[in-house]
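Read through the structure below, which is laid out as structure tokens, and then see the notes.
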Amino acid sequence: MKNLNHLPIILLKSSILMFLIFWTMLAEHIYINPFIVLSLLPIFILCVIVICLTIVPFLVFNKKRLSRNEIFKKYFSYYAIVAFGIASYGIIISDFSYFMSAFLTSLFFTLMYAWVWLFNSSASKNSKFMNYD
Amino acid sequence: MKQIILITASILFSILFYQQDIGLNLSLFSILTVFILLIKDWEILRHQDVILKMSAYLLTGVMVFFYHSTLVILANILSFFTLIGSVSHPKTSLYINWLNGIYTSIASYFSHIYDRAFAKKPREVKKKINYFQWLKIVGIPILFTLIFIALYKKGNPIFHELIEKIDLSFINIHWLFFTLLGYYLFYNVSRPIVIEPITTNDLVIGNYLSQIKIEQNDHEKLNNEKQLGLVLLGMLIFLIIIFLSTDVYYLSKIYGMTAAELSKQVHYGVNALIISNLLAIAIILYFFRGKLNFYKYTSGLKKVSLIWIFLNLIVVISTFLKNLEYIQSFGLTYKRIGVIFFLIVTSIGLITTYFKVLQIRNMWFLFRKNFSIAFIILVLSSTINWDKLITYYNLNVLSETEINYVIGLSNNNTFQLYNYSLNNQIKQDDLKKIEQKYEAYLQSLEDNTWQEYVFDNTKLK
């Protein structure tokens with residue numbers, strides 16, 4: 001069983017981060033009311049889907065039994081480049097619309113932080129699975 | 001100190017780009033980036049490679065101000081990533097420069113915070129920040145400056161007017177976010193990183209194939225492969241000779257062709273050439289992928305391969321001649337210039353393949369040389385005002401010209417077209433279109449903010 005005890009906390013942290021970046025970027029263009037808090041739910045679902053489908057598999061399907069640090073060093077660069085490419089493409093084809101720019105920018109930075117948190121969480125350092133989880 | 005430079009650079013980034021179109025700002029940004037890189041580590045200038053890439057970046061930056069075309073902007077962005085990648089590790093190949101440049105620009109910050117948090121060494125105990133002292137250093141001077149501004153405003157009406165003119169209404173959350181993005185970019189650029197293990201691998205792998213020892217039982221297999229190569233290339237050479245003889249016949253009739261026939265010929269010729277040349281390179285690379293390079297009985301196969309490359313080059317020349325005739329008869333267009341570029345790149349691909357076979361080089365040699373040459377061509381082509389060149393050729397050299405095509409080009413030829421319309425007799429409809437283009441361009445130039453200035457702004461009276 002992989003050591004992913006800290007994953008729920010990281011998902012929550014990521015959702016809050018994306019929520020903050022997204023609404024701060026849109027603050028100039030739309031009226032912000034207290035009900036925007038409700039958007040935390042879809043943002044949380046989105047973070048769960050994207051992080052679990054695109055980042056967690058690097059840990060789960062780690063057949064070469066690489067340490068977290070090795071996985072980060074090996075794959076993060078390519079992940080960042082691909083994520084940046086997709087986000088930039090999305091922003092360009094949306095003709096730089098405020099909504100899509102805010103959405104994709106916040107998602108990109110959230111995913112970058114999720115990598116750092118997931119592969120460097122204190123839980124992983126203290127765990128006996130530190131090197132081969 | 002470094003933080004102050006980064007904060008200043010990020011504010012300048014916002015001033016240059018926030019809600020602005022591309023123009024002088026991209027040129028100034030290129031200079032700012034080079035400045036930041038040199039402040040961070042001026043010793044990068046010791047590497048000739050970095051100096052060359054820096055020059056290419058600054059050159060494309062200046063060209064954005066002069067020509068403001070999509071090609072120049074793309075060349076500038078690519079040169080930016082090349083330079084950043086080169087600073088990350090100067091001795092790597094161009095395509096590794098690009099990867100390292102993109103990675104540094106978009107994620108260096110995250111890589112650093114990860115490394116810092118994961119470092120095995122205990123972190124150095126940081127000196128405790130005296131916030132009260134900072135508050136005094138920043139707060140008291142600001143307070144007194146504001147008081148004195150209020151006093152001087154009352155004492156001098158010109159100073160009062162000057163202060164009233166300062167408009168800080170552009171500062172909002174969006175602007176701050178944009179500035180933060182600028183800070184993120186400059187932070188990344190000033191801390192170059194590399195992707196491993198591809199960077200180390202690239203440095204380790206040379207341009208030559210490693211010597212492979214041929215065992216006794218390899219002989220039969222290599223001999224079979226050599227025979228297959230000889231038969232296959234022999235057949236292809238026979239075919240290409242027939243093709244070339246029919247092509248010579250075609251070239252003799254080219255002068256009597258209509259535009260449609262010639263267009264069809266050039267386009268079919270180019271399409272066939274793309275596939276033919278890629279196949280030619282692929283076949284040669286397949287046979288000379290390993291042991292056959294060191295097999296002593298392959299001189300025949302090598303000669304046949306070189307003849308095959310040479311004949312492919314003749315096909316390139318034949319297509320070039322057709323394209324040239326097409327241009328001479330029906331004018332210069334972007335597509336026809338694109339064909340010339342493609343033919344140049346193809347010829348270089350074939351010539352480097354020739355050297356690969358002759359000097360027993362590896363695949364990486366081909367990638368390195370071809371990418372470098374393609375990049376040089378891109379940078380050099382960005383220094384030419386293609387719209388102006390096309391317009392000049394079509395209006396002054398051709399007897400009959402398709403004026404609608406040149407009117408439809410970018411604004412780089414607007415003044416040239418307008419002058420032409422003043423000095424020559426042209427149809428009323430065309431004159432109207434040129435005047436409309438001219439008026440619209442003048443208006444857009446007048447509307448440009450200083451960040452969006454282009455060279456044509458200097459021509460306004």
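Proteins come first, then strands; the chains are lettered A, B, ... in the order of their sequence lines, and each starts at number 1.
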Taking the six-membered ring for Trp, is the centroid-to-centroid distance between B/Y114 and A/F76 below 6.0 Å?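 Between B/Y114 and A/F76, the centre distance exceeds or equals 6.0 Å.
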Beyond-backbone contact of A/F84 with B/Y103, side-chain heavy atoms, under 4.5 angstrom: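 Side chain of A/F84 against side chain of B/Y103, heavy atoms only: no contact under 4.5 Å found.
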Taking the side chain as C-beta and beyond, is there a heavy-atom pair between A/K73 and B/D115 under 4.5 Å?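 A side-chain contact exists here, since the closest heavy-atom pair is under 4.5 Å.
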Side chain, backbone, both or neither: which part of [X] has a heavy atom under 4.5 Å from chain A?
| X | answer |
| --- | --- |
| B/F110 | both |
| B/L181 | side chain |
| B/F178 | neither |

Measure across A/I81 and B/I102 and return the closest heavy-atom pair with its distance rounded to 0.1 Å.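 Shortest heavy-atom separation between A/I81 and B/I102 comes out as CG1-CG2, 4.1 Å.
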Measure across A/Y78 and B/I195 and return the closest heavy-atom pair with its distance rounded to 0.1 Å.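 Nearest heavy atoms, A/Y78 then B/I195: OH-CG2, 3.5 Å.
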Is it the case that more than 12 heavy atoms not belonging to A/Y89 sit under 6.0 Å from its OH atom?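 Incorrect, the count does not exceed 12.
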Tell me whether the count of non-hydrogen atoms from other residues, nucleotides or ligands lying under 6.0 Å of CD1 in B/I113 goes above 12.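 Yes.
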Which region of A/Y113, side chain (C-beta onward) or backbone (N, CA, C, O), has a non-hydrogen atom less than 4.5 Å from a non-hydrogen atom of chain B, or is it both or neither?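 Contact with chain B is through both the backbone and side chain of A/Y113.
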For A/Y98, which atoms come within 4.5 Å of any heavy atom of chain B: side chain, backbone, both, or neither?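 It is the side chain, since no backbone atom gets that close.
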Inter-residue atom distance B/H174.NE2 - A/L26.CG, 0.5 Å rounding: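 B/H174 NE2 to A/L26 CG: 7.0 Å, rounded to 0.5 Å.
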